[in-house]
There are 2 protein chains.
Amino acid sequence: MADDLDPRDFTSDDDGKRPLTRIQKVNRGKILEAALDVFSAHGFRGATLDQIAAEAGLSKPNVLYYFPSKEAIHAALLEGLLDIWLAPLRAIDPAGEPREEIMRYMRRKLEMSREMPRESRLFANEVLQGAPRMGAGLSTDLKTLVDEKAKVIEGWIAEGRLAPVDPHHLIFSIWALTQHYADFDTQVRAVLGPGKDPIEGAAPFLDMLFARLLKP
Amino acid sequence: MADDLDPRDFTSDDDGKRPLTRIQKVNRGKILEAALDVFSAHGFRGATLDQIAAEAGLSKPNVLYYFPSKEAIHAALLEGLLDIWLAPLRAIDPAGEPREEIMRYMRRKLEMSREMPRESRLFANEVLQGAPRMGAGLSTDLKTLVDEKAKVIEGWIAEGRLAPVDPHHLIFSIWALTQHYADFDTQVRAVLGPGKDPIEGAAPFLDMLFARLLKP
DNA sequence: GTCTAGTTTGACCGAACGGTCAGACTCACG
DNA sequence: CGTGAGTCTGACCGTTCGGTCAAACTAGAC
């Protein structure tokens, strides 16, 4: 599927502008793919290099040949994912139709819970434990972006084009309701029983929820 | 292994047939309190017995004297908490006023996110990683309870006393929206900035959200 | 005070972990 | 073909972890 990561991003941390060989591209990709699987399923501390190496089909020293440490693999995953994760929020257009923009954001986030559940769980694991390896980005980049979009939403409300809701909590509610289906997938499936796609039922429910919430 | 002098009597549960000494009561309490702190903050794998022992003010062998293993401490926490966690859902009264019952459930869950965030994160950590130490209870007890309450809600909808929403996803939405403030506390506080109580702002927002969602 | 069941601990163990290293192997290119 | 940069690995290291054990200590009923 289309969840391969671009390995180019991770060579630029040091000054070396060396071009990547074919083998480097392939193996870094294999490592990051395996690491996403393992980190998202067991958390940082619960994941082992041997597990990652085995799943990537490489030896442990070979994994350490491409990344200097377990931390570095985790950091590479987080960094590479943050932009993807926030892109739909960035895409909210102040010039667009308010309810349309917010509904689109919510639907895109729900899609991402279906298509990228491992990435969602990776972040969830990190935030749950106090974001010890991400702290900086949360208070700066994330807050800046959310505050900016909150201002946009406030403007819409002032114009009477949206119901008067707290914009920050509105954004939180979108995160909570969509990511829940990725992060708590085990619980949701246990309750719904087998053979049902949880997100299929979630989509119309969330559509109705936000339609009713946002109508002025 | 002869376990004739093994003090593994888990008398803190309903099954108690042997009396606990005063010291046992105190020390088991200290261990469970410390373990809740450590497990909720670092996950099962990320927590260490030394950490728990240090926080409980006991030596590691002494901790192992009261609980046979790290797993057993974790299991004791989960088991003791499951009932508390689901009590508000159980309390939904089929004979009550539908919107009142659901709003009360939501508000109680939000209160629990404020007052018992560690417990919320303990469950979140467990479910996030596929509930490897809880699997049974999810598919049986939890599903049974949720299905039962979903039937109640469906009845209310059929009577026209609630908007027609999927009852299972309604319950999921309550879980997601309330537990988000405990589980993702770090993120929420990073976005809102310091000096604000997130749940104070969440309460009126969620009141409005569910009021609008449930109105027939 | 005596005795015993209950409690506590320092020392220790094997396994698992993240990481290192010297050297062997492979690939691309002249 | 030869060659050097790039790739790979078995063996190994120091640390940390969960857990054990014998022995020492304590509480409290008699």
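From a predicted model like this one, the values you see are computed outputs, not experimental measurements. Labels below follow one simple rule: chain letters A, B, ... track the order of the sequence lines, proteins then strands, and each chain is numbered from 1.
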Listed pairs, N/O of protein and of nucleotides 23-26 of chain D, under 3.5 Å:
none

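- Distance, A:Glu71 CD to C:dC17 P: 17 Å, rounded to whole Å.
- Judged by the 6.0 Å distance and 45° axis criteria, B:Arg114 is not positioned over the aromatic ring of B:Tyr181.
- Judged as a side chain to side chain contact (heavy atoms under 4.5 Å, CB included), and not counting sequence neighbours, the contacts of A:Ala35 are A:Phe39, A:Ile52, A:Ile73, A:Leu77.
- Here the straight-line distance linking atom CG of A:Asp37 with atom CD of A:Glu55 works out to 4.5 Å at 0.5 Å rounding.
- A salt bridge links B:Glu33 with B:Arg118: the closest approach of a Lys/Arg side-chain nitrogen to an acidic carboxylate oxygen falls below 4.0 angstrom.
- Distance alone, capped at 3.5 Å, places no donor-acceptor pair between the A:Lys109 side chain and the A:Ala176 backbone.
- Rounded to whole Å, atom P of C:dG19 lies 13 Å from atom NE2 of A:His74.
- The CG-C1' distance, from A:Asn27 to D:dT7, rounds to 9 Å in whole Å.
- Side chain to side chain, B:His168 and B:Asp147 meet the donor-acceptor criterion of an N or O pair below 3.5 Å.
- Distance check, rounded to the nearest 0.5 Å: NE2 of A:His42 to CG of B:Leu128 gives 12.0 Å.
- With respect to the salt-bridge test (charged N to carboxylate O, under 4.0 angstrom), the residues B:Glu111 and B:Arg108 qualify.
- Put simply, NZ on A:Lys70 is 12 Å from C1' on D:dT16, counting in whole angstrom units.
- A donor-acceptor pair shorter than 3.5 Å cannot be found between the side chains of A:His180 and B:Gln179.
- Here A:Arg104 pairs with A:Glu100, A:Glu101 under the side chain to side chain contact (heavy atoms under 4.5 Å, CB included) rule; sequence neighbours left out.
- Straight-line distance from the CG atom of A:Asp50 to the P atom of D:dT9: 14 Å, rounded to whole Å.
- The nearest whole Å value for the distance from the CD atom in B:Gln24 to the C1' atom in C:dT8 is 14 Å.
- Between A:Leu110 atom CG and A:Ser113 atom OG the span is 6.0 Å, to the nearest 0.5 Å.
- Against DNA chain C, the stretch residues 33-49 of chain B makes heavy-atom approaches under 4.0 Å through B:Arg45.
- Proximity of residues 58-66 of chain A to DNA chain D (heavy atom under 4.0 angstrom from any strand atom) is restricted to A:Ser59, A:Pro61, A:Asn62, A:Tyr65, A:Tyr66.
- Computed from coordinates, the A:Ile52 CD1 to C:dG18 C1' distance equals 11 Å when rounded to whole Å.
- The closest donor-acceptor contact from the side chain of A:Arg121 to the backbone of A:Ala182 lies under 3.5 Å.
- No donor-acceptor pair under 3.5 Å is formed between the side chain of A:Lys60 and the backbone N or O of A:Leu49.
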Identify the pairs formed between an N or O of the protein and an N or O of nucleotides 24-30 of chain C at a distance under 3.5 Å, and give each distance.
residue, atom, partner, partner atom, Å
C:dA28, OP1, A:Arg22, NH2, 3.2

